[in-house]
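To start, the structure under review is shown below, and the notes come after it.
What you see is a predicted model, and the numbers here were worked out from it, not measured in a lab.
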Amino acid sequence: RMKMTAVTYFEPWDWVIGAGAYEDDFQASIQRVNASLNDLMLWTGLAAGLSLLLCGGGAWWSAGRIARPLLKTVETMELVAAGDYTQRIDYQGNDEMGRMATAVNAAVAATAQAMQNVNDAAEREQQLQAQRAEEERRLAEEQRRREDEKEREPLPRWPGLAVVIP
């Protein structure tokens, strides 16, 4: 049988203290401690894995909750950039995404109104230019008609005045 011993010196009393025990006496305790450590490592690993799954799932859900409205906003802005000013972001909320959706919708509405104003002004300008062109054409036609009438007028005849036409 193997025996384990330990010896130490206690200086204040000048004693040497020794203790000993057989290894067989410790084996059952060592096995219980090892089994407990193995169980602890197993449960710690399972808890860590479960925590990882829960945290990963929560992160995935949170990322999707943030990304979906952002992707919808990007899609809407691309359509607006292509000229479709009827697009609006349909997101209700008091969070940052809701505030952004409200701001983007207001910006799109203002842009649509500005584009309508520009189109209306361009249409009015086109009508004015057409009216001016018509007025200029009418005036030019009238001027030509007057010149033609002057050319057709007979030369005045005054007694004693001779007109020589080469």
Side-chain angles (χ1 to χ4, degrees), residues 2-11 17 19-147:
M2 294 289 293
K3 187 172 191 176
M4 295 179 66
T5 59
V7 178
T8 188
Y9 174 69
F10 189 67
E11 188 177 346
I17 302 171
Y22 291 105
E23 272 189 7
D24 298 344
D25 296 341
F26 293 109
Q27 285 304 327
S29 297
I30 289 172
Q31 287 174 353
R32 281 195 315 271
V33 167
N34 284 339
S36 295
L37 286 174
N38 287 339
D39 287 348
L40 179 64
M41 288 190 328
L42 174 69
W43 285 106
T44 301
L46 289 174
L50 182 62
S51 296
L52 183 63
L53 284 175
L54 287 174
C55 290
W60 187 268
W61 178 78
S62 293
R65 191 164 183 261
I66 293 169
R68 274 187 297 279
L70 280 176
L71 291 174
K72 179 62 178 157
T73 300
V74 168
E75 180 182 309
T76 300
M77 293 307 295
E78 287 172 344
L79 291 171
V80 169
D84 184 1
Y85 297 108
T86 63
Q87 294 294 316
R88 296 295 184 268
I89 299 171
D90 185 26
Y91 183 86
Q92 307 301 319
N94 293 329
D95 58 355
E96 292 84 3
M97 292 303 301
R99 290 177 52 211
M100 182 180 69
T102 301
V104 167
N105 287 341
V108 170
T111 303
Q113 183 61 48
M115 289 303 293
Q116 184 62 45
N117 292 345
V118 167
N119 288 339
D120 291 347
E123 188 177 313
R124 283 192 306 273
E125 181 63 27
Q126 191 176 19
Q127 288 173 353
L128 285 174
Q129 286 180 359
Q131 287 174 353
R132 284 186 201 122
E134 178 61 28
E135 182 66 21
E136 287 175 6
R137 187 198 61 74
R138 190 186 59 76
L139 288 174
E141 182 67 32
E142 187 175 315
Q143 181 68 28
R144 249 183 272 125
R145 187 179 46 78
R146 281 190 207 136
E147 288 174 0

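Residue Arg88 places its CZ atom among more than 12 non-hydrogen atoms of other residues, nucleotides or ligands, all under 6.0 Å distant. Within 6.0 Å of CG on Asp90 lie no more than 12 heavy atoms contributed by other residues, nucleotides or ligands. Counting heavy atoms of neighbouring residues, nucleotides and ligands inside a 6.0 Å radius, atom CD of Glu96 does not exceed 12 of them.
Identified under the side chain to side chain donor-acceptor pair (under 3.5 Å) test for residues 48-72, with sequence neighbours left out: none.
With a 4.5 Å cut-off on side-chain heavy atoms, Ile30 and Glu23 do not count as touching. Taking 4.5 Å as the limit, every side-chain heavy atom of Asn94 sits out of range of all side-chain heavy atoms of Gln92. Using a 4.5 Å heavy-atom threshold, the side chains of Leu37 and Met41 count as separate. Counting heavy atoms from C-beta outward, Gln87 and Val108 have side chains that stay 4.5 Å or more apart. Side chains of Gln31 and Asn34 form no contact here, defined as non-hydrogen atoms less than 4.5 Å apart.
We find the CG-CD distance between Leu70 and Glu75 to be 12.5 Å, quoted to the nearest 0.5 Å. Put simply, CZ on Arg132 and CG on Leu139 are 13.5 Å apart, with the number rounded to the nearest 0.5 Å. To the nearest 0.5 Å, atom OG1 of residue Thr76 and atom CG of residue Leu71 are 10.5 Å apart. Here CD of Gln127 is found 14.0 Å from CD of Glu134. Values are rounded to the nearest 0.5 Å.
Residues meeting the side chain to side chain contact (heavy atoms under 4.5 Å, CB included) test with Leu42, sequence neighbours left out: Leu46. Taking Phe10 as the reference, Pro12, Trp13, Trp15, Ile17 meet the side chain to side chain contact (heavy atoms under 4.5 Å, CB included) condition, with sequence neighbours excluded. Every residue meeting the side chain to side chain contact (heavy atoms under 4.5 Å, CB included) condition with Gln143, not counting sequence neighbours, appears here in chain and number order: Arg146, Glu147. Residues meeting the salt bridge (charged side-chain N to carboxylate O under 4.0 Å, His left out) test with Glu135, sequence neighbours left out: Arg138. With sequence neighbours excluded, the residues satisfying side chain to side chain donor-acceptor pair (under 3.5 Å) with Asp120 are Gln116.
Considering every non-hydrogen atom in both Gly98 and Tyr91, the closest pair reads N-CE2, 3.3 Å. Closest non-hydrogen pair, Pro69 versus Gly64, comes out as CD-O, 4.3 Å. Contact between Ile89 and Asn105 at its shortest, heavy atoms only, is N-OD1, 2.7 Å.
Side chains of Gln113 and Asn117: a donor-acceptor N/O pair is present below 3.5 angstrom, by distance only.
Screening Arg145, Arg144, Arg137 against Glu141 for a side chain to side chain donor-acceptor pair (under 3.5 Å) leaves a single residue, Arg144.
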